[in-house]
Amino acid sequence: METAPKPSLWLRLANPAAFNALANVLLWPLIVGTIAAFGYGLYGAFMTSPADYQQGETVRIMYIHVPAAWLSLFVYAGMAVSALGTLVFRHPMADVAQKAAAPVGAGFTLICLLTGSFWGKPMWGTWWEWDARLTSVLILFLIYLGIIALWRAIDEPQRGARAVAIMTLVGAVNLPIIKFSVDWWYTLHQPASVFRMGGPTIDRAMLTPLFVMGLAYLLLYLVLLIVRMKTELMVRRIERLQIVAADKQARQGGSR
Amino acid sequence: MIDLGPHADYIVASYAAAGLVLGLLIGASVLANLAAARRLAALEAREASKPAAAKQ
Amino acid sequence: MSAILAVIRRELTLARRIGAGVELGIVFFLILISVVPFAIGADQKLIGRIAPALLWLAALLATLLGLDRLLQADEEDGIVDHLQLAETPLMLVLAAKALAHWLVTGLPLSLVAPLLGLMLAIEPQAMLPLSISLLIGTPALTLIGLIGASLTVSLKRGGLLLSVLVLPLSIPTLIFGATVVKEAAAGRAYSTPLMLLAGVSLIMLVVAPLAAAGALRFARN
Amino acid sequence: MNGTSFPHAGEMRLEARNLMIRRGYRLLFEGLDLDLAAGEVLQLTGPNGSGKSTLMRILAGFSQADAGTIRWPGLEEDDEPANALHYHGHREGLREALTPAENLAFAAGLLGGDAGSIPDALDALDVGPLADLPVQVLSAGQRRRVALARLLVAPRPVWLLDEPLAALDTAGQALVGRLLAEHAAAGGMAIVATHQPLGIDVRHLALGGIPS
């Protein structure tokens, strides 16, 4: 497939060797970036940003709760794109990326749930409140767990990738529907909740640490994605080598 | 530490929970990577030695 | 004795290696609990009242989930023949398989249950009794399931039939288990239902492997 | 082969008297007598559906004959025949997700063998290097050899082998013949249901020859 112009980044990434080379180059700068972003973000979250006039200090939980919500959706969007890559473009690295991303996305979603629960406790008085947003995040978490379980249940990576890609896309299509139905369900039972996650107007000084923490989460996601993709490539190479070892033994053994 | 107000323990708890989950995620990813690298090296070493050594 | 250790070690390695191990049971348990409020509505008080029954039903269904593969997978590979040729009596070998299954489903469920109890707004003082009741009750569910698995091992659609067989037999465990949590939630003493629950489990511990060994021999005759 | 000794070596005898098996409405055979002494290998032949496998499973104790008796003189009262025999059926009895070493370790624990003998058993079947590859990646012939290694890992006097040569190449078949000869020489006994020649002196029993 000789394309006249230099093949686009995606095509060059198609073969594992090219990916590994690029990954090794990017990995350490990303790690340093992640640490720096976390450092600066946390400093901003605790030192320079003010307390909230309504909730007081507990608003500081926002700096790890809200970015986690962003990332849980961002990672899922990434998985949906990879799923398209697998199904439509047959990009060989797409399913590796998707398999690597799923647990990371689940992790961020879990953080969003836990911090949401801790944040809600002082306000609602219960550990868990069927708040529309938290419930939607819970459903997203269940979808993540389903996809991870599906990955683990499939022992033949190539054949299974398409099945998981379809599940991911089906999940992606359903997310807005779920979001709408949960909001609708929530308004049926609960009067408009007086407690607004993150408050209606966010103080300007809060914005910078919030976005820096968002960036820190993003960079961490990229680091973990690269590490997990390299692992997945090794696992597949191990499986190939095992088959080669078995066939080689069959030829040698059989001939005697 | 700066005064975290009446609900300080919830703030600390939520940061601890987030830290724990991220720690587990990072730890699991790195350990899985190292384990796979070890197994791969063992297999590749065995491949290299196979043709040379007679049927052991 | 070594046969029992061999069975347990192998089952745990398998659970770790192929996907449908511990986490599937827990994820199923989590999903069952999570969908309930969508059907019932976010009314905390109502959910709190029926939470004990929901948690126990979810534990029962989660246990059933993994049961039909308990013996069927071995039958397909031809391993059940060797179970019958083992030096230790078949009864103990099957008990070992049930124990391995419980370690992978019943035990983790009872540890995770309190966390889910939070979601169903269970009374805080009922959290520990919930765990204890599940810890004591789930072995009975697995053991009853063992009998069902032995009976349906060589049948094609054994899984469904197994659930139909097991559900009625697990009603005592369900009643006592849910009562323990209800009593604890209401702040009353729950030792009596707990003793009865333990009684059922002990009876099953003796009866089930015996019945399962007999059932397995006849089912595969 | 590493002359593994096993209990009741040389004393085991099989005495089956007028066995009758009916499967559904078809009478497979009746009035079948079968004697086997230690040191003997019996080759069982017969057209498909003549009841070879059924007879093997009855001798192994997995199912009961419709009539007739099976006795194993030489076994003490409390000793179960099931503890003194190996049954090797069409399905290899290996779990694909595990490695040969793990599968045989399980068999050793279950059937009272010694896990230390696994490497030698696998080498005896020429599949030593496959010990820690998942069975999933092995060919049918290699799986058959790993399953046959189970006979060596847990030494038992009686071998009941149903079509053990299936999926084996000529070298593999010769190997099975040698194993049977060494087992008989060590005082064991074996019944092998197969049509291929075993290359050693065997007694013959043809099923289906008896008028139904």
Locate the shortest heavy-atom distance separating B:Val21 from A:Gly107; write the atom from each residue and the value.
CG1-O, 3.7 Å
Between A:Pro103 and B:Leu25, the two heavy atoms sitting closest are O-CD1, 3.7 Å
Given heavy-atom pairs under 4.5 angstrom as the criterion, report whether the side chain, backbone, both or neither of A:Phe38 touches chain B.
side chain
Taking all atoms of both residues into account, what is the closest heavy-atom pair of B:Ser14 and A:Phe118, and its distance?
CA-CD1, 3.5 Å
Please round to the nearest 0.5 Å and tell me the distance separating atom CD1 of B:Ile11 and atom OG1 of A:Thr115.
12.5 Å
Toward chain A, the part of B:Ala37 with a non-hydrogen atom under 4.5 Å:
both
To the closest 0.5 Å, what do you measure between OG (B:Ser29) and CG (A:Leu225)?
10.0 Å
Once rounded to the nearest 0.5 Å, what's the spacing between atom CG of B:Leu31 and atom OG1 of A:Thr231?
10.0 Å
Sub-6.0 Å ring centroid separation between A:Phe46 and B:Tyr15:
yes
Heavy-atom pairs under 4.5 Å with chain A: which of B:Ile26, B:Leu20, B:Leu24, B:Asp9 has the most?
B:Ile26
What is the distance from atom CG of B:Leu43 to atom CG of A:Leu241, rounded to the nearest 0.5 Å?
5.5 Å
Let me confirm one number: the CZ-CE distance from B:Arg38 to A:Met234, rounded to the nearest 0.5 Å.
11.0 Å
Applying a strict 4.5 Å limit to non-hydrogen atoms, the region of A:Ile238 in contact with chain B is both
Is A:Val104 in contact with chain B via its backbone, its side chain, both, or neither, using a 4.5 Å heavy-atom distance?
both
How long is the span from the CG atom in B:Leu22 to the OG1 atom in A:Thr34, to the nearest 0.5 Å?
11.0 Å
Which of the residues A:Val227, A:Leu42, A:Leu224, A:Ile64 is involved in the greatest number of heavy-atom pairs with chain B at under 4.5 angstrom?
A:Ile64
